[in-house]
**Q** 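Got a structure for you, questions after.
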Amino acid sequence: MAGLTGHPVLEIGDKFEELQNNIINNNKNKEVIDKAGLVVKGEENSNNNNNNQGGERDMAPPTSNSLHRSGSRPQLDLSKAAIQGNSEERDPTILLPNQSDDISHFALDIGGSLIKLVYFSRHEGQSIDDKRKKTIKEISNGSRRSYPILGGRLHFVKFETSKLNECLDFISSKQLHNGRIDSHYWNSEAPNKENAVIKATGGGAYKFADLFKERLGVSIDKEDEMDCLVAGANFLLKAIRHEAFTHMEGHKEFVQIDHNDLFPYLLVNVGSGVSMIKVDGDGKFQRVSGTNVGGGTYWGLGRLLTKCNSFDELLELSQRGDNRTIDMLVGDIYGGMDYSKIGLSASTIASSFGKAISDKKELEDHRPEDISLSLLRMISYNIGQISYLNALRFGLKRIFFGGFFIRGHAYTMDTISFAVHFWSQGQAQAMFLRHEGFLGALGAFMSYEKLGLDDLMVHQLVERFPMGAPYTGGKIHGPPLGNLNEKASIVRLCHI
Ligand SMILES: Nc1ncnc2c1ncn2[C@@H]1O[C@H](COP(=O)(O)OP(=O)(O)OP(=O)(O)O)[C@@H](O)[C@H]1O
Ligand SMILES: CC(C)(CO)[C@@H](O)C(=O)NCCC(=O)O
């Protein structure tokens with residue numbers, strides 16, 4: 001199922017200098033990027049000049065805002081971090097064109113279901129030895145100096161947590177663990193492997209710390225999971241254009257956030273379980289709620305009920321399902337009629353799986369496709385509804401959804417969006433992140449240097465390329481979600 005596996009690549013393009021001039025010379029840049037509140041842009045709006053596939057290219061000199069620092073310790077330079085690629089691409093990368101120090105970072109988010117790994121590599125064919133060959137001039141305080149540009153990329157890889165050995169083998173085969181030395185030892189003459197420290201977040205950072213020491217000889221520096229989720233989300237939302245998008249009734253639209261008007265928002269991370277975090281700023285947040293009915297529930301129950309062998313297979317099944325065979329609809333209860341007085345059409349699901357009790361059917365009499373769809377709908381809708389209620393608690397209008405349950409799957413996103421829209425009477429908006437499942441790993445990766453977003457001139461970052469979400473394709477399968485207007489006009493809720 002091709003589209004289910006892709007993850008986006010970040011690319012920030014060459015409009016940088018143009019934009020920089022705008023920033024310096026006048027305030028017109030606001031018209032370019034800082035439109036008040038949300039600016040929604042359609043996919044077709046993008047300019048597909050995707051000619052930078054990650055190899056060598058002429059790179060613009062970094063400005064004084066570039067993060068390059070010539071210290072004794074390698075620095076991570078996220079300036080001009082760039083999203084690249086299309087929605088179908090597997091293992092997407094983030095380009096770091098201005099990365100000059102030769103870093104060997106990698107970081108992990110070891111969750112209940114999946115291990116997410118982010119690592120840096122230099123551009124192909126560019127060794128440490130020839131890094132000196134490519135230098136650029138920087139004007140800094142009136143003086144010019146040269147320093148090497150390596151350039152490189154961030155790679156995103158995931159493994160099932162139950163197959164941790166595959167992850168360890170991968171790290172070994174790429175020798176990722178031999179590059180990173182704890183800062184305490186950075187200046188020592190002969191750093192050795194025993195001092196190697198890797199950043200990891202998620203419960204597995206605790207659970208598997210000894211195993212990492214045993215198998216790879218590295219210590220795990222544990223970063224808090226919520227800290228990392230928020231850091232990853234804030235980085236993407238502030239620095240990367242077209243990271244966030246809405247998805248309603250099969251229609252996807254990129255959303256440009258005014259980074260001065262980003263906070264507060266609700267971050268809902270739908271992993272095995274679901275965390276709901278009110279984010280007020282960089283490092284300022286509160287986990288306000290959560291639910292144990294999440295991605296693990298869909299995959300776990302779905303596997304039991306359908307005998308599917310993989311998550312993607314289960315998701316794929318849902319696309320051919322008809323939930324009406326198993327869900328009890330309002331029309332089933334009301335003899336085919338709407339219950340219009342309270343705003344429920346006949347096709348509204350009154351009770352998920354409700355028909356399974358009334359039919360004299362056993363599990364094997366139900367189609368796995370229908371079960372999968374009904375389950376997916378039930379869990380997605382529930383998450384959307386609970387999220388909205390939490391947004392309502394704190395007066396938040398924007399809800400960003402991440403986590404690998406989303407999987408860029410159109411029906412999942414539509415269902416969540418429908419629930420948020422319906423219960424908020426259109427006042428709150430569900431948005432999705434293209435790097436959905438990698439927020440925590442990205443946050444852990446950035447924690448090496450504790451790079452604050454304040455260090456980044458994020459408004460200088462301009463994306464060049466259209467970005468498809470990790471997406472199953474435009475066609476929506478499954479039951480109609482209902483008519484929003486019809487229902488929303490009748491439901492009475494105090495809304496935010
Ligand atoms: N290939 C896959 N294998 C297993 N689950 C997958 C896969 N792809 C997507 N999923 C979904 O993603 C969920 C896990 O998402 P994610 O990796 O964000 O969470 P996690 O970090 O493992 O969980 P938690 O944060 O609760 O510890 C699974 O429960 C499942 O619903
Ligand atoms: C326990 C975590 C944070 C682990 O990632 C996650 O699975 C989660 O948020 N579960 C929901 C737990 C609850 O709040 O009911």
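Remember, it's a predicted structure, so these values are computed and weren't measured experimentally. FYI, side chains are in, hydrogens and waters are out, and symmetry mates aren't considered; it's all heavy atoms of this structure. The first residue of the sequence shown is numbered 1, and numbering continues consecutively from there. Numbering of ligands and ligand atoms starts at 1, following listing order.
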**Q** Any protein heavy atom at under 4.0 Å, with atom 3 (C) of ligand 2 as the reference point?
**A** yes
**Q** For the pair K252 and D414, find out whether any cationic side-chain nitrogen is under 4.0 Å from an anionic carboxylate oxygen.
**A** no
**Q** Mind checking whether T291 contacts ligand 2 via backbone (N, CA, C, O), side chain (CB onward), both or neither, at a 4.0 Å heavy-atom cut-off?
**A** backbone
**Q** Quick check on contacts: which atoms of ligand 2 are under 4.0 angstrom from a heavy atom of V274?
**A** 8 (C), 9 (O), 10 (N), 11 (C)
**Q** May I ask you to identify, for F311, whether its side chain, its backbone, both or neither come under 4.0 Å of ligand 1 on a heavy-atom basis?
**A** side chain
**Q** Below 4.0 angstrom from a heavy atom of M226, which ligand 2 atoms are there? Numbered from 1 as shown, please.
**A**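 Within the 4.0 Å cut-off of M226, ligand 2 contributes 3 (C).
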**Q** Using modelled atom types and a 3.5 Å cut-off, is there a donor and acceptor pairing between side-chain atoms of N234 and backbone atoms of G281?
**A** yes
**Q** Starting from atom 19 (O) of ligand 1, what is the nearest protein heavy atom, named by residue and atom, and what distance separates them?
**A**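 Result for atom 19 (O) of ligand 1: G271 CA, 3.1 Å.
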**Q** Which of these, L315, L114, I115, has its nearest heavy atom closest to atom 1 (N) of ligand 1?
**A**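 It is L114 whose heavy atom sits nearest to atom 1 (N) of ligand 1.
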**Q** Output yes when the distance from some N or O of ligand 1 to some N or O of S272 is under 3.5 Å, and no in every other case.
**A** yes
**Q** In ligand 1, which numbered atoms sit nearer than 4.0 Å to a non-hydrogen atom of G296?
**A** 29 (O)
**Q** Taking only non-hydrogen atoms of Y298, do any sit less than 4.0 angstrom from ligand 1?
**A** no
**Q** Are any of the side-chain nitrogens in R215 or D169 under 4.0 Å away from the carboxylate oxygens of its partner?
**A** yes
**Q** Tell me which protein heavy atom sits closest to atom 12 (C) of ligand 2, plus the residue, atom name and distance to 0.1 Å.
**A**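 The closest heavy atom on the protein side is R287 NH2, 3.7 Å.
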**Q** Please enumerate all residues that pass side-chain contact (heavy atoms from CB on, under 4.5 Å) together with A107, with sequence neighbours excluded.
**A**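 For A107, the residues satisfying side-chain contact (heavy atoms from CB on, under 4.5 Å) (neighbours in sequence not counted) are K199, A444, F445, Y448.
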**Q** N382 side chain to I379 main-chain N or O, any donor-acceptor pair under 3.5 Å?
**A**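 Such a contact is absent between N382 side chain and I379 backbone.
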**Q** Does the ring of Y206 carry K222 above it, NZ/CZ under 6.0 angstrom from centre and within 45° of its axis?
**A**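 Ring-cation test returns yes.
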**Q** Students should be able to answer this: which protein heavy-atom is nearest to atom 31 (O) of ligand 1, and at what distance?
**A** G295 O, 2.8 Å
**Q** Would E225 count as a polar contact of ligand 2, with the cut-off being nitrogen or oxygen pairs under 3.5 Å?
**A**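 Yes - when backbone and side-chain N and O of E225 are compared with those of ligand 2, one distance drops under 3.5 Å.
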**Q** Would you mind finding which of K116, H409, E225 brings a heavy atom closest to atom 16 (P) of ligand 1?
**A** K116
**Q** Starting from atom 27 (O) of ligand 1, locate the nearest protein heavy atom and write down its residue, its atom name and how far away it is, to 0.1 Å.
**A** G112 N, 2.8 Å
**Q** Enumerate the atoms of ligand 1 whose separation from the nearest heavy atom of W299 is less than 4.0 angstrom.
**A** 4 (C), 5 (N)
**Q** Salt-bridged, K284 to D282, with N to O below 4.0 Å?
**A**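 So K284 does not pair with D282 through a salt bridge.
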**Q** Who's the nearest protein heavy-atom neighbour of atom 15 (O) of ligand 2, and how far?
**A**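 Nearest protein contact, heavy atoms only, for atom 15 (O) of ligand 2 is N292 N, 3.7 Å.
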**Q** Quick one: CD on E160 to CZ on F311, what's the gap to the nearest 0.5 Å?
**A** 11.0 Å
**Q** Just checking, K116 and F438: is the charged tip under 6.0 Å from the six-membered ring centre and within 45° of the axis?
**A** no
**Q** Hey, does the Lys NZ or Arg CZ of K158 hover above the aromatic six-ring of F404, less than 6.0 Å from the centre and inside 45° of the axis?
**A**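 Pair K158/F404 counts as cation-pi.
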**Q** Taking S374 for its side chain and I371 for its backbone only, find out whether a donor-acceptor pair lies under 3.5 Å.
**A**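 No, the answer is negative, given that no donor and acceptor are paired below the 3.5 Å cut-off.
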**Q** May I ask you to list the atoms of ligand 1 that are less than 4.0 angstrom from any heavy atom of G403?
**A**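 What qualifies from ligand 1 is 18 (O).
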**Q** Quick one: look up the protein heavy atom nearest atom 18 (O) of ligand 1 and list residue, atom name and how far away it is.
**A** F404 N, 2.9 Å
**Q** Of the choices G204, S113, S310, G273, which has the non-hydrogen atom that lies closest to atom 26 (O) of ligand 1?
**A**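 Of the listed residues, G273 has the closest heavy atom.
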**Q** Can a salt bridge be assigned to the pair D327 and K355 using a cut-off of 4.0 Å between side-chain N and carboxylate O?
**A**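 No salt bridge links D327 with K355.
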